[in-house]
Amino acid sequence: MTENPAVDAADDLPEQMRIRREKRDRILAEGREPYPVAFPRTASLAQVRARYADLPTDTATGDRVAVAGRVIFMRNTGKLCFATLRDGDGTELQAMLSLDRVGAPALDSWKHLVDLGDHVGVTGEVITSRRGELSVLADEWVMTAKALRPLPVAHKPLSEEARVRQRYVDLIVRPQARDNVRTRATVVRSLRDSLHARGFVEVETPMLQLLHGGAAARPFVTHSNALDTQLYLRIAPELFLKRCVVGGIDRVFEINRNFRNEGMDSSHSPEFAMLETYQAYGDYDTVATLTRELVQAAAAALTGSTTVVHHDGSEVDLGGQWREVTLFGVLSEAVGDQVTVRTPMVRLVELADKHALPVDPKWGPGKLAEELFEHLVVPELRAPTFVRDYPEETSPLTRAHRTEPGLAEKWDLYVQGFELGTGYSELVDPVVQRQRLVAQARQAARGDDEAMPLDEDFLRAMEYGMPPSGGMGMGIDRLLMALTGLGIRETILFPLVRPE
RNA sequence: GGGCCGUUAGCUCAAUAGGCAGAGCUGAGGACUUUUAAUCCUUAGGUUCUGGGUUCGAGUCCCAGGCGGCCCA
C-alpha cells in the first residue's frame, strides 16, 4: 500500500482544521499531551464563583486553585492574555495569563496553541481584574482537550438545521439549548415523583412486539433473526399496561418511547416519549384530576408556580380547575346548531361542506363529527380544556358512556391548540372488547393499515378479569411544548433528520 | 403528495441587467500588561449542494435530482 488515506484526507481539510491539527502535533512534539488522562482540579468554576462572590475590584486573595473548562472567549494582548472558561454546568470564569507570572515560553505557547473551543486547565491565584472580573491569574496552564474543529461564531444564531443536526455544537454555543435539556429532565422527574407519591408503580413493557395495538397508527416493521419473524416497534404500551392491571398492579405507569411510521412536522416526531398510566377503581374523571395535578406539579417544578413563561416571554397560567366541555357541546356552539351523536350523516356532510372540510367516504358519522371538531374548535382551545364524551364509533377500547348511548367515556386534553393527552374509563368487558377488536381486525383485513390486528393474548388476559379502571396517556414532548412554548425539535435532543 | 422560497469561505450572509466571487466574525503573522463581540497593521481561506443544458462567458438563465424551511392536502 503506497497511499495513506488518513494523510490524504488531512491534506484536503479546510485551513482552520488543518491548523488545529498542526497545533495538536506541536503539543506532542513539545513532549506534552493534547488529551491528558486527567487534570487534578481543586475547584469547579461554580465553586470559585460561590466562594469569592463579593470580592472587590482589583483584589488579590493569595488563594491558589486549579480549574478547568472550555475556552469560549479569548483576548490576547502583548504580555497579558484573557480567556473565559466555561464548565459543564454553564458557569463561566475568566482566566488571566501574564508574562511575569507564567514566563515567556508558557505565554507564547498559550497564544499559539490555544483556540476557541479548546478545553484547558489553569492553576493560579484567585483575583479580580481591574475591571472587577473574578479571575484565576495563572501560574501555569495545560491543554486538557484540543478541539480540532472551529466553533461557529458566538453572536450569530446557528441555522436551525445546524442546531438539530449537530446538537453538540448547539449545546456548546447556545445557553437556551442547554437549559432545554435540564428543563426536560426536571419535568420528567416531576412526573415520576408525582406518580410515585400517589402509589403508582413504574414498569417497562415491550417495545418490540409481535402485534401492534393500543392506538390507531402505522407501525415501524422490523425482523427478528432468532425467531425468524416480523416484529413491530410499539405504537403504544396500552395493551401491556392493562395486562399489568389484570395481574394486580393496580396503579401502574410507563414513561417511554412510542414509534409511529407517519409524517414528520413541527408537532409530530416518528419517535416520541409518552406517559401512560392506569388506575384500578378509577375512571375518566379521576384520571382527569390526576392529569391536571401532574401538569401543575411539573409547571411548579420549573417555575415554582402554575404560571409558566414561554420561550417568547409570554406567560401561560395552568393553575386552578380546568375548563370541561363535551365534544358535541362545543361542536354545536361552533356550527350554531344542535349536533349530537344521533345527528344523521347527511346533516354532518352539509356542515362539512359549509366549512370547506373535505369528507373521506370511509368515515362514519362519529369520525366526521370528530373531524369537524378538530377543524372548527381545536385551534381555539388555548387554555387547558378537557373535551369529553367522544363517539363510541371512534373509541373501540373505551367503555360506553354510563348514561349517554352512543358515546364513550373518553376525554382529550387540549392546551394552546394542540392535543396534550387523552383519558378513558377503560373497557374491561372481555366479550365486548372481543367484538370491537374483531371489527377492527376486519377493517385491517380490508386494508386500513391504521387498524389493529387481533391480539388473542390480550383478550385472554382480559378474560381473567380487569377491575374497573381509568387510563390516561400524555405526550412528554407535547407537555414540554406546552410548558415552554418550544417546537418539538427543540424538546427532543436528537430528533430524526434525513441523512446528510 | 402539491405549491413557493432557500442552498455561496469554518459560521452568518452579500454579489446591480449573464461579465474578475465579496464582507463581518473566525484563522494565520505582527503591535499592545486589564480585555469583555477590544483596537490597529499585514494576510490566508471557495467543487457557489450535485449532475446535465443554453451561452464567447453561468453563483445568476433552463432541466433533473439532493437537503432544508414555509404553506396546502
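In what follows, every chain begins at residue 1, and chains take the letters A, B, ... in the order their sequences are listed. Since we're looking at a predicted model, the values are computed, not measured.
- With respect to K354(A) and E350(A), no salt bridge is recorded, no charged nitrogen being found less than 4.0 Å from a carboxylate O.
- Which of C67(B), U12(B), C11(B) sits closest to the side chain of P152(A) comes down to C11(B).
- Checking G10(B), U36(B), C32(B) against the side-chain heavy atoms of E133(A) singles out U36(B) as nearest.
- Backbone-only contact: R165(A) has heavy atoms under 4.0 Å from sugar-phosphate atoms and none from a base.
- Contact annotation: S159(A) reaches the phosphate of U12(B) (side-chain N/O to OP1 or OP2, under 4.0 Å).
- Pair assignment for A37(B): none, as no Watson-Crick or G-U wobble contacts are both less than 3.5 Å.
- Per the geometry, CZ belonging to R163(A) stands 13 Å off C1' belonging to G69(B), to the nearest Å.
- Using a 4.0 Å cut-off between charged side-chain N and carboxylate O, R49(A) and D87(A) make no salt bridge.
- Distance check on atom P: G10(B) versus C49(B) gives 13 Å, rounded to whole Å.
- Remark: W322(A) pairs with F386(A) by the ring-ring contact (aromatic ring centres under 6.0 Å, His included) rule, at least two apart or across chains.
- Map E161(A) and F73(A) each onto its nearest nucleotide of RNA chain B; the residue landing nearer the 5' end is F73(A).
- With 3.5 Å as the limit, one finds a donor-acceptor pair spanning the side chains of Q176(A) and N180(A).
- Minimum atom distance to the side chain of L99(A) is reached by U33(B), of the listed U33(B), U36(B), G68(B).
- Not counting sequence neighbours, the partners of E271(A) by the salt bridge (charged side-chain N to carboxylate O under 4.0 Å, His left out) test are R257(A).
- In this structure U47(B) sits in no base pair that meets the Watson-Crick or G-U test at under 3.5 Å.
- Distances were taken from every side-chain heavy atom of V153(A) (C-beta onward) to each of U34(B), C25(B), G68(B); the shortest belongs to C25(B).
- Listed candidates were G10(B), C67(B), C32(B). Nearest to the side chain of P150(A) is G10(B).
- In this structure, K111(A) contributes its side chain and C81(A) its backbone to no donor-acceptor pair below 3.5 Å.
- Residues of residues 89-97 of chain A having a heavy atom closer than 4.0 Å to RNA chain B, listed by number: Q94(A), M96(A).
- Picking from U36(B), C67(B), U33(B) the nucleotide with the shortest atom distance to the side chain of S98(A) gives U33(B).
- Between the P atom of A73(B) and the CG atom of L357(A) lies a distance of 9 Å, rounded to the nearest Å.
- Residues F73(A) and Q94(A) have side chains not in contact (no heavy-atom distance under 4.5 Å, counting atoms from C-beta outward).
- Here the separation of U12(B) from U55(B), taken at their P atoms, is 37 Å to the nearest Å.
- Remark: the separation of the C1' atoms in A14(B) and G6(B) is 15 Å, to the nearest Å.
- None of D63(A), T128(A), T61(A) except one satisfies the side-chain hydrogen bond (donor to acceptor under 3.5 Å, both in side chains) rule with Y52(A); the exception is D63(A).
- Computed from coordinates, the E160(A) CD to U7(B) C1' distance equals 15 Å when rounded to whole Å.
- Across all strands shown, G57(B) forms no Watson-Crick or G-U wobble pair with both key distances under 3.5 Å.
- Ion pair R18(A)/E22(A) flagged as a salt bridge, since at least one NZ, NE, NH1 or NH2 atom sits closer than 4.0 Å to an Asp/Glu carboxylate oxygen.
- Residues F82(A) and L158(A) both approach RNA chain B. Their nearest nucleotides, taken by heavy-atom distance, put L158(A) toward the 5′ side.
- For the pair T84(A) (side chain) and I72(A) (backbone), a donor-acceptor distance under 3.5 Å is absent.
- Distance check on atom C1': G22(B) versus G66(B) gives 27 Å, rounded to whole Å.
- Rounded to whole Å, the distance from CG on D170(A) to C1' on U12(B) is 15 Å.
- Between D179(A) and R182(A) no salt bridge is recorded (no basic side-chain N to carboxylate O distance below 4.0 Å).
- At least one donor-acceptor pair closer than 3.5 Å links the side chain of S332(A) to the backbone N or O of V339(A).
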Listed pairs, N/O of protein and of nucleotides 27-29 of chain B, under 3.5 Å:
unit_1	atom_1	unit_2	atom_2	d
G27(B)	O4'	Q16(A)	OE1	3.4
A28(B)	OP1	K23(A)	NZ	2.2

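- Of the C1' atoms belonging to C13(B) and U50(B), the separation is 22 Å, rounded to the nearest Å.
- Checking side-chain atoms of R260(A) against main-chain N and O of R218(A) turns up no donor-acceptor pair under 3.5 Å.
- Only the C1' atoms considered, G27(B) is 39 Å distant from C62(B), to the nearest whole Å.
- Near RNA chain B, defined here as any heavy-atom distance below 4.0 Å, there are no residues from residues 134-143 of chain A.
- Remark: U8(B) base-pairs with no nucleotide; criterion is Watson-Crick or G-U wobble with both hydrogen-bond distances under 3.5 Å.
- Here C11(B) presents its P atom at 10 Å from CZ of R149(A), a figure rounded to the nearest Å.
- Rounded to the nearest Å, the gap between the P atom of C40(B) and that of G46(B) is 26 Å.
- Residues passing the salt bridge (charged side-chain N to carboxylate O under 4.0 Å, His left out) test with R436(A), sequence neighbours excluded: E392(A).
- Heavy atoms from other residues, nucleotides or ligands lying under 6.0 Å from CZ of R167(A) number more than 12.
- As a whole-Å value, the separation of L107(A) CG from U33(B) C1' is 10 Å.
- Atom pair L80(A):CG and A31(B):P shows a separation of 15 Å (rounding to whole Å applied).
- Searching all strands for a Watson-Crick or G-U wobble partner of C70(B) with both distances below 3.5 Å returns G3(B).
- Across the P atoms, U8(B) and C61(B) are found 16 Å apart, a figure rounded to whole Å.
- Counting to the nearest Å, the P atom of C72(B) and the NE2 atom of H375(A) are 11 Å from each other.
- With a 3.5 Å ceiling on both atom-pair distances, C20(B) lacks any Watson-Crick or G-U wobble partner.
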